[in-house]
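Working notes for the structure below.
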Amino acid sequence: MQQLEDGVESYLGGYPIVTWKSYADAQRRLPFKYNLAKDLPHELQDRVNALPSSYRNSAQARVLFEAMIDEAMDDDLNAPPISVINDVTDEGAPPWEFVYTNQMWYGEGVPPPDTKNLKSCGCVGRCDPKSKTCSCAKRQHRHLKTYIEDRTIPKTWNGAPFVYDGKGCLQWFGLPIFECNAFCGCDEDCPNRVVQNGRRYVVNIKRTENKGWGIFNGPKKIPRGSFIGVYAGELLTVGEADRRGTLYNKFGRTYLFDIDFHHMGSEAVYSVDAYHAGNNHSCDPNCEIQACYINEANIDKPMLTIFTVREVEPLEELSFSYMGQIDHDAVCDLPF
């Protein structure tokens, strides 16, 4: 009997037959690519910071900053470009002290993404949320069951188990999101692929008079439940985050976010630090951070995804609470 090559389902007349399942199984056995925090790029930032302030406050610096953001969005090619706008000061761009990124950068002691234990569907075309065989639908429903039983979600809700509506808007907040992943058989336009398909709305970085730099909506309204971006940065152990938090407190600011959502049922194991790498800092909350799982089976390591909790007006500042569910006593007033 001929031994099968990796990724080959069978042979027909000596020719290999590759199915999606055989290909995905082979890919799952390969090391999953991810970023290490020690490899965070900083050469450009160092070079710009070494230049005189006359350059950093020039139009050329703004163009360079926008180009840096554009390059960092190479995994989100369909997203509208982000512009830097300053009508109130002479600053050419936000401070060159961080790296714009949509990715998570793994710190020391944080294990790589767990893809070996990741459940993937074998659906063809678009997943059906009412399917009895879709493993992604089953996984989402299993994690929503508690919320349906306690009536956080009405039993009459006909959208279960997927949490998005037909337009890709989030219907329920504060609940874990389990999207289809890289090893699923469904199409890219599956209704359970929203975060991974990227931002659809124009946002800009804008200088304010009193609060530094912020993230602002573009010229059109953003519907409630729309995906805006990822709270990205360094993924740290809580021990390392505590150490950094003590240092940051001396400076009077911090971008640390402990990953301790309700569905996890225990104290945080990891924290995200967006001090040196990030893409969303804001104040008066019209957005909320949601736990989202895509290419990760470890329940302690969701992506921190940002969705609008109400309709956002044109040119309105985008903002979120650091406490998950909106708590006006816990809103952080942070510069960009």
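Scope of the values below: all heavy atoms of this structure, side chains included, with no hydrogens, waters or symmetry mates.
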How would you list all residue pairs meeting salt bridge (charged side-chain N to carboxylate O under 4.0 Å, His left out) that involve residues 289-299, not counting sequence neighbours? Glu296-Lys301
Using a side-chain heavy atom cutoff under 4.5 Å and only I, L, V, M, F, W and Y, what cluster partners does Ile85 have? none
Among Tyr201, Phe227, Phe320, find the one that has a ring-ring contact (aromatic ring centres under 6.0 Å, His included) with Phe307. Phe227
Is it true that the side chains of Ser120 and Arg28 contain a donor and an acceptor less than 3.5 Å apart? yes
I'd like to check the side-chain contact (heavy atoms from CB on, under 4.5 Å) partners of Asp90; sequence neighbours left out, ordered by chain and number. none
Counting neighbours of NE2 on His263 that are heavy atoms of other residues, nucleotides or ligands and sit closer than 6.0 Å, is the number greater than 12? yes
Check the side chains of Ser58 and Gln60 for a donor-acceptor pair under 3.5 angstrom, ignoring hydrogens and angles. yes
Val195 vs Tyr164 side-chain heavy atoms within contact, under 4.5 Å: yes
Salt bridge (charged side-chain N to carboxylate O under 4.0 Å, His left out) partners of Asp189, counting only residues at least two apart: Arg126
Can you tell me which residue pairs pass the ring pair (Phe, Tyr, Trp, His ring centres under 6.0 Å) test with a partner in residues 176-197, sequence neighbours excluded? His143-Phe178, Phe178-Tyr293
Partner residues of Glu71 under the salt bridge (charged side-chain N to carboxylate O under 4.0 Å, His left out) criterion, sequence neighbours left out: none
Note: with side-chain heavy atoms under 4.5 Å as the link, the other cluster members for Leu247 come out as Phe251
Could you tell me which residues satisfy side-chain contact (heavy atoms from CB on, under 4.5 Å) with Asp242, sequence neighbours excluded, listed by chain and number? Val238
Listed by chain and number, what are the salt bridge (charged side-chain N to carboxylate O under 4.0 Å, His left out) partners of Lys206, not counting sequence neighbours? none
For Arg56, check salt bridge (charged side-chain N to carboxylate O under 4.0 Å, His left out) against everything at least two apart and list the hits. none
Which residues satisfy the side-chain contact (heavy atoms from CB on, under 4.5 Å) test with Gln196, sequence neighbours excluded? Glu179, Arg193, Ile294
Output all residues satisfying side-chain contact (heavy atoms from CB on, under 4.5 Å) with Ala79, sequence neighbours left out; order by chain, then residue number. Met73, Asp76, Arg199
